[in-house]
Amino acid sequence: MNRAFNRKKDKSWMHTPDALAKHYIPYNAKFLGNTEVDQPKGTEIVKEAVRKLKFQRHIKKSEGQKTQKVELQISIYGVKILDPKTKDVQYNCQLHRISFCADDKTDKRIFTFICKDSESNKHLCYVFDSEKCAEEVTLTIGQAFDLAYKKFLESGGKDVETRKQIGTLQKRIQELETENSGLKKQLWELEEQLMIAPVPPAGSISLKPPMSTDVFDMVPFSAVTPLVPIPASNGTPPPPTTTSPPDTSKDLFGAEPFDPFTCGQADFPPDIQSRLDEMQEGFKMGLTLEATVFSLEPLGGRC
């Protein structure tokens, strides 16, 4: 029985939108583990993963090891898997990376979802054992996915190009303001030099004042003292310096600082763009919810 998350014939959602958008829904479960799968969707894919992890759980149980208990926190920002005591986050599965979610319709305990790993880009199948709420967890993930997709469309999906154009204009305005500020500073320094520098009488010879030296008769070096033009002997003001004003929009190494609100269309940061493309691709793939039978063998007993 397939339940696509946006079909009207599905059961009504169990939580209010605010509960998932402003808070999260917690569930306690036992974590059988995760295993790599070669497909993002498919009943047979998750069945094989569940059989594999149940077998591993059976071996560990015979050795006296207990199944790990975890807390799931489901919201529009993803599915977090935490240690219930320390609250340390063990896994953080973003919703746009979750492509398949299924529960066991026979004993209402086993549920699983497939998520694409953010680092390796491999598809991992996570398997859990909960106390009679597997279907509820599955539907909650489906509802969170639905809300997250709508939020993405409202804030970052449809208007990505518009945001880029606005960013281009904002960057151009910032560049003009920086250039204007540099020109004002340069004009102020030039006026100050004209007011301070003495103007020799006509026909006289202008002598440069002796420069101060250090104990080794060396002219001291100053990284912040700009080179100033000497007034012409005829008393006319010197031409404006052609030295470009310092580019305050760049750092010490000449790199432009990153600002997601002022980045232009031509140089939109690759990491942000790839993240938006990935989210768009993930949401476009959709989330398939499915109730199926996992307990096919006697081996798959209680964990």
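One is the number of the first residue; the rest follow in order along the sequence.
- Ring pair Phe113/Tyr126 is parallel by interplanar angle, where below 30° counts as parallel and above 60° as perpendicular.
- Cluster membership check: Tyr77 shares its hydrophobic cluster with Ile74, using side-chain heavy-atom separations under 4.5 Å among Ile, Leu, Val, Met, Phe, Trp and Tyr.
- Hydrophobic clustering of Ile, Leu, Val, Met, Phe, Trp and Tyr side chains at less than 4.5 Å, counting indirect connections, unites Phe31 with Ile141.
- The CD1 atom of Ile45 sits 5.5 Å away from atom CD of Gln39, with the distance rounded to the nearest 0.5 Å.
- Leu153 and Leu147 fall within a single hydrophobic cluster, where Ile, Leu, Val, Met, Phe, Trp and Tyr are joined by side-chain heavy atoms under 4.5 Å apart, directly or via other members.
- Here NZ of Lys80 is found 11.5 Å from NZ of Lys87. Values are rounded to the nearest 0.5 Å.
- A donor-acceptor contact shorter than 3.5 Å links the side chain of Lys41 to the backbone of Ser99.
- The cluster map of Ile, Leu, Val, Met, Phe, Trp and Tyr, joined by side-chain heavy atoms under 4.5 Å apart, puts Leu124 and Tyr91 in the same cluster.
- Counted by atom type alone, Arg57 and Thr67 present one or more donor-acceptor pairs between their side chains at under 3.5 Å.
- Taking 4.5 Å as the limit, some side-chain heavy atom of Asn121 sits within range of a side-chain heavy atom of Lys116.
- Under a hydrophobic-cluster definition in which Ile, Leu, Val, Met, Phe, Trp and Tyr are linked whenever side-chain heavy atoms come within less than 4.5 Å, directly or via other members, Leu95 and Tyr149 are assigned to the same cluster.
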(message) I'd like to know whether Lys61 forms a side-chain contact (heavy atoms from CB on, under 4.5 Å) with His58, so could you lay out the CA-CA distance, the side-chain angles of the two residues, the decisive distance to 0.1 Å, and finally the verdict.
(response) CA-CA 5 Å; Lys61 191 174 181 180; His58 181 75; 5.7 Å; no

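- Counting only heavy atoms from C-beta outward, the side chains of Tyr27 and Glu136 approach each other to under 4.5 Å.
- Counting heavy atoms from C-beta outward, Leu183 and Gln186 have side chains that approach closer than 4.5 Å.
- Between Glu44 and Glu48 there is no side-chain heavy-atom pair separated by less than 4.5 Å.
- Note that OG1 of Thr112 and CG of Leu32 are 9.5 Å apart. Values are rounded to the nearest 0.5 Å.
- Put simply, CZ on Arg109 and CZ on Phe128 are 14.5 Å apart, with the number rounded to the nearest 0.5 Å.
- Closest non-hydrogen pair, Met14 versus Gln143, comes out as N-OE1, 3.7 Å.
- Side-chain contact between Glu179 and Glu175 is absent, with no heavy-atom pair separated by less than 4.5 Å.
- In plain terms, the two heavy atoms of Ser130 and Asn28 that are nearest each other are CB-O, 4.2 Å.
- Remark: side-chain polar atoms of Arg97 are paired, donor with acceptor, to backbone N or O of Asp117 under 3.5 angstrom.
- No side-chain donor-acceptor contact under 3.5 Å links Ser181 to the backbone of Glu177.
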